[in-house]
Amino acid sequence: MRISMATSVGWAGQSNEDFIGAVPGAAVLLDGAGIPGTESICSHGVAWYTHRLGGALLGQLSRDDGRGLAAILATTIGEIAADHRGTCDITNPSSPQATVVIVRAHRGALDYLLLADSFLVLDQVIGGAQVITDEREITTRRVCSVPLDGVPRGTPEYERIRDSCVEALRARRNQPGGYWIAKDDPHAAEEAVTGSRPLHDLNGVALLSNGASRIVSPYGLTDWPGLLELLNANGPADVIRRVRQAEAPTAEGPDAPIPDDATVAHCTDLSRSETAR
């Protein structure tokens, strides 16, 4: 497997809360999430969590012991929870957490796992781009935001209702009927979106954090097949460059998008993964 990758912090001077890494035959992308300024909840922070979890995942994957990806993720979530359970309030809904995408070439197939709203794009030999994501957070967010419909932005009423919507969303995190994310509970791994495709059916795959996926939506700079064309022609750094260019003209104003950390991994020559081990 040949892997090219790029990442970019959303704000200069801030920590990049995404993580990207690879070992022979496997790649991992995490998109960190949490509430800024909550040192009383966790002194380590979101970037610490994503980097520790990502590194632990790579360590587990490098063993090539044939375990399922969900089992590997459950093990690593438990390990990192144990690392800071004694010093941090890890059960608090706002403690550090992360979306997860894992791909692994194993026994002639590409196994994949997604937890929460990052993206995996399969470059199929027949059929073109197939996009896989975990839509439960988006669906839950939409349901929780219904009370905001018709309320004028910027008003005290809007702010009050938005705060209650945020609390409602947090209450549905890692709960049946809500959505699932890597945090403190290893059982969340059992809820991940998983699958497998024969390697010979794929030209390659792309992993994108939410910030990088903005090139397709909401910015509309290309579609998913166009994204694969960009990656094949210019690589991941060009995708991120275009995202940042789209954000630059609208950097000011109440409706300006908030820049997010953006990370892309592009995996090609998948069949080589089997011969390289």
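One N or O on the side chain of S62 and one on the backbone of G59 form a donor-acceptor pair closer than 3.5 Å. In this structure, the side chain of S217 does not engage the main chain of R214 through any donor-acceptor pair within 3.5 Å. A donor-acceptor pair is defined here as one N or O able to donate and one able to accept, closer than 3.5 Å; no such pair exists between the side chain of R244 and the backbone of V239. Judged by distance alone, the side chain of N174 and the main-chain N or O of I181 form a donor-acceptor pair under 3.5 Å.
With 3.5 Å as the limit, one finds no donor-acceptor pair spanning the side chains of T263 and D261. Residues T7 and D18 have side chains that never bring a donor and an acceptor to within less than 3.5 angstrom of each other. There is a side-chain donor-acceptor pair under 3.5 Å between Y179 and R173. With hydrogens and angles left out, the side-chain atoms of D31 and T99 include no donor and acceptor closer than 3.5 Å.
Note that OG1 of T194 is 6.5 Å distant from CG of L113, once rounded to the nearest 0.5 Å.
Placement of I3 and L207 within a single hydrophobic cluster is found when ILVMFWY residues are connected by side-chain heavy-atom separations under 4.5 Å, directly or transitively. Under the 4.5 Å side-chain heavy-atom criterion for ILVMFWY residues, no single connected hydrophobic cluster contains both L208 and I102. Two different hydrophobic clusters hold V103 and V264 under the rule that ILVMFWY side chains link at heavy-atom gaps under 4.5 Å. Hydrophobic cluster membership is shared by V131 and L221, with clusters built from Ile, Leu, Val, Met, Phe, Trp and Tyr side chains linked at under 4.5 angstrom.
Within the 4.5 Å cutoff, side-chain heavy atoms of Y219 are placed close to those of V243.
Not counting sequence neighbours, the partners of E167 by the salt bridge (Lys or Arg N to Asp or Glu O under 4.0 Å) test are R170. With sequence neighbours excluded, no residue satisfies salt bridge (Lys or Arg N to Asp or Glu O under 4.0 Å) with E135. Qualifying salt bridge (Lys or Arg N to Asp or Glu O under 4.0 Å) partners for D149, counting only residues two or more places apart in sequence or in other chains: none. Every ring-ring contact (aromatic ring centres under 6.0 Å, His included) that W48 has, sequence neighbours left out, goes to H44, H84. Annotation: salt bridge (Lys or Arg N to Asp or Glu O under 4.0 Å) contacts of D238 (sequence neighbours excluded): R241, R242.
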Identify each donor-acceptor pair in which a side-chain atom of residues 183-190 lies under 3.5 Å from a protein atom, sequence neighbours left out, and give them as a table.
from: K183; atom 1: NZ; to: I90; atom 2: O; distance (Å): 2.7
from: K183; atom 1: NZ; to: N92; atom 2: O; distance (Å): 2.8
from: K183; atom 1: NZ; to: S95; atom 2: OG; distance (Å): 2.9
from: D185; atom 1: OD1; to: H187; atom 2: N; distance (Å): 2.9
from: H187; atom 1: ND1; to: E190; atom 2: OE2; distance (Å): 3.2

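Under the side chain to side chain donor-acceptor pair (under 3.5 Å) test applied with R136, the options T140, T139, T133, D134 reduce to a single match, D134.
Scanning both residues, R52 and D83, for their nearest heavy atoms gives NH2-OD2, 2.6 Å.
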